[in-house]
There are 2 protein chains.
Amino acid sequence: MLQLATSRPGAVPESGRCTDCAVRASAICGSLDVPGLDELSRMGRKVHLRPGQTLLWEGDESVLVGNVLEGMLKLSTVTGDGREQIVGIVFPSDFIGRPFGKDSHHSVTALTEARVCVFRRGAFDDFAGAHSGIEAALLRRTLDELDRARRWMLLLGRMSATERVASLLLEMIDRLGDTPGAPISLPLSRQQMGDLLGLAIETVSRTMTRFEREGLIDLPGGRRVVLRDRPGLERIAAG
Amino acid sequence: MLQLATSRPGAVPESGRCTDCAVRASAICGSLDVPGLDELSRMGRKVHLRPGQTLLWEGDESVLVGNVLEGMLKLSTVTGDGREQIVGIVFPSDFIGRPFGKDSHHSVTALTEARVCVFRRGAFDDFAGAHSGIEAALLRRTLDELDRARRWMLLLGRMSATERVASLLLEMIDRLGDTPGAPISLPLSRQQMGDLLGLAIETVSRTMTRFEREGLIDLPGGRRVVLRDRPGLERIAAG
DNA sequence: CGCGTTATTGATTAGTCTCAATTCAGGTGG
DNA sequence: CCACCTGAATTGAGACTAATCAATAACGCG
C-alpha cells in the first residue's frame, strides 16, 4: 500500500534542447514557435526517476508541472487510513502537475524508469498566460483526461471485478502493444492493478488466472500478458 | 434506471442579453469584453429543461455546449446492460458539453427545472479559438472538474457504503446549504444518489436511516436532510 | 543458490446486492 | 376535503461477490 522508494528525485540538468525533444510534436510544446520554445527551454530542467520514485506529493503545494518524456507514471490518492486509488496513468508527451492551483491533489510516482521535463509552476503559469497556444493545447489535453477519468468512474462505480480486469487488460494492450499477438509487459504490479481497479490484489490475481484457464489470455510469467481472445475480453468488458 | 422524461427540450429563444446575465461574472463569459459578449450573445440561445429532460445524449455527436444559468443537471454514462453511473453534477455558471471533440461521452440531464445557455459546438469552438480568454477560463474550469472527478474516483474505488453516503451528504450540504442547521432539499432521488455513489438504492436508504438513528442527521421526509452532527459525518467520510 | 519480495491459491467472513413486501408521500379526481 | 392511486422509499431475508486472513509457490536479485 505504501510506496517502496520515496526518496526525492535528483535533478539531472541535461543539455538537450527543446527543438530536438522526442515528444515535442505531440506534447503541448508543439504549439510553440522557435523563440517561444527557446524561452521555455531556459525555464525547464529534466528529471530522471527510478521506478517507485515520487515526483509530486498529494497535498503538497503545487510547485512543479511538466511533460513526460519517457516512461510511465501513476497519479494516486490515498484515504485517511492508507487505502490507495490510482486516478490516472501518464505516458510520454502527457502533461503532469496542477497549473493555476495552490496544491496538488494527487501524487505522481514513476512506474518505470522515467524522464520528465519539469518547470516551476509559477513560471509556467506566467508563460502559459503569455502564450495562448499553450493554454489551448493544455485545454484539449485536459478535456481528454477528464473524459478518461469519467469513463473510469463507470468502471469503478458499476462494473464487476471480472469486467474491470478485462477492461484494464484491453486498455493496456492497446496503449502498450506494438505487435498484435506479441506478449506485452505490464508496467504494473498486481497491487497497482488493484489500486487502479479498486480491487484487492487477490481478486486481480484470481481473475487473471481464470482468464488464462478460459483461454482468453496467456500468462507466461513475469508480468507478461499475451492476448489470445480479444473479442472474448471485449464481450466481458462491455458489461 | 432509465430516464422518465426523455423528450427533446424545447428551444426557448429568450430575449435576455448576455450583459445582464445572472452567471456572467462567474461563468467563462466573464473573461469577455462587451463586443465579445455581444458576438457570443448572437450565437447562443436559452433552453429551458424540466426535471428528467435530457439535453445531450451519450454517444451522440457533440452538437451543443453551453453554460448552466439556473438549476442542476447530472452527467451520466451507462454500461451495455443499463447500469448507470453519474459522473458529475453541474450547477449554475458551470460549463456543459464537449468542445473540440467529435462526440459527447456522457448524457446531460436536468435534475431540477433548469435553464441553460447553449451554443452550436462548431461555432463555439471557432469563437473560443479567436478569444483566448474563453479558452483560458475554460481550462481553469476543466482542471477543477478533473480534480473533482479524481477525488470521486477515490470514493468509488476505495470507500465503503457508509463513507460514500457521508461524503455525499457533506458535499451536498456544502454546495446547497445556505443557512447552517436549516434543512436542505436534496435534488436527488435515492436512485440517483445510488447512481452517483455506485451503490444500490437500498444500500443508500439503509445508510441514511442508520445515520438518522445515530443522530448524525434528521430526515423530516420529502428528500429533506438536516445536518445534526457535522464532525461525526466528517469523521466517517474521512475513511 | 538462498533470500526477500511478489504472486497465487485456499478458507472464511463481511459487506453489499437482489428480490420481495410494506410503508410513505404527493398528486388526482370525486 | 378526503380517498385513492402511483411512484418512491423503507425494511427484511437470503444469496453472492469480493475482502480478509493465511499459507504456499514463483520470481528476481545479489
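- Between the CZ atom of Arg158(B) and the P atom of dA18(D) there is a distance of 13 Å, rounded to whole Å.
- Rounded to whole Å, atom C1' of dT18(C) lies 14 Å from atom CZ of Arg83(B).
- Computed from C1' positions of five pairs at each end, the angle between the two local axes of the helix from dC1(C)-dG30(D) to dG30(C)-dC1(D) equals 40°, rounded to 10 degrees.
- Between the CG atom of Leu197(A) and the C1' atom of dA19(D) there is a distance of 15 Å, given to the nearest Å.
- Remark: Ile236(A) CD1 to Arg164(A) CZ distance equals 15.0 Å, nearest 0.5 Å.
- Here the P atom of nucleotide dT10(D) and the CD atom of Glu212(B) are 9 Å apart, to the nearest Å.
- For dT18(C), the base has a donor-acceptor partner in the side chain of Arg206(B) [N/O atoms by modelled type, under 3.5 angstrom].
- Nucleotide dG15(C) holds its P atom 10 Å from the CZ atom of Arg210(B), rounded to whole Å.
- Along DNA chain D, the nucleotide nearest Leu199(A) and the nucleotide nearest Gly221(A) are compared for position; the residue whose nucleotide lies closer to the 5' end is Leu199(A).
- Contact check for Leu111(B) versus Leu188(B): side-chain heavy atoms found under the 4.5 Å cut-off.
- Within the 4.5 Å cutoff, no side-chain heavy atoms of Ile184(A) are placed close to those of Val226(A).
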>> Between Arg98(B) and Asp144(A), does the salt bridge (charged side-chain N to carboxylate O under 4.0 Å, His left out) criterion hold? Intermediate values first, please.
In response: CA-CA 10 Å; Arg98(B) 178 55 160 97; Asp144(A) 285 344; 2.5 Å; yes
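- In this structure, the nucleotide among dT16(C), dA9(D), dT11(D) sitting nearest to the side chain of Arg223(B) is dA9(D).
- The separation between Ile201(B) atom CD1 and dA20(C) atom P is 16 Å, rounded to whole Å.
- In the set dA18(D), dC17(C), dC21(D), the nucleotide with an atom closest to the side chain of Ala200(B) is dC17(C).
- Residue Arg120(B) qualifies as open at atom CZ: its count of foreign heavy atoms under 6.0 Å is 12 or below.
- The interatomic distance linking Glu84(A) (CD) with dA19(D) (P) rounds to 15 Å, in whole Å.
- Within the structure, a side-chain polar atom (N or O) of Thr209(A) is placed less than 4.0 Å from OP1 or OP2 of dT9(C).
- Only one option out of Pro99(A), Ser104(A), Cys117(A) pairs with Val65(A) in a side chain to side chain contact (heavy atoms under 4.5 Å, CB included); it is Pro99(A).
- Remark: Thr203(A) is not in phosphate contact with dA18(D), judged by side-chain N or O atoms under 4.0 Å from OP1 or OP2.
- Position along DNA chain D of the nearest nucleotide to Met208(B) versus Gly198(A) favours Met208(B) as the more 5'-ward residue.
- Relative to the side chain of Ser205(B), the nucleotides dA7(C), dC21(D), dT10(D) differ in distance, and dT10(D) lies closest.
- More than 12 heavy atoms of other residues, nucleotides or ligands sit less than 6.0 Å from atom CZ of Arg141(A).
- One atom, CZ of Arg190(A), and another, C1' of dA19(D), lie 18 Å apart when rounded to the nearest Å.
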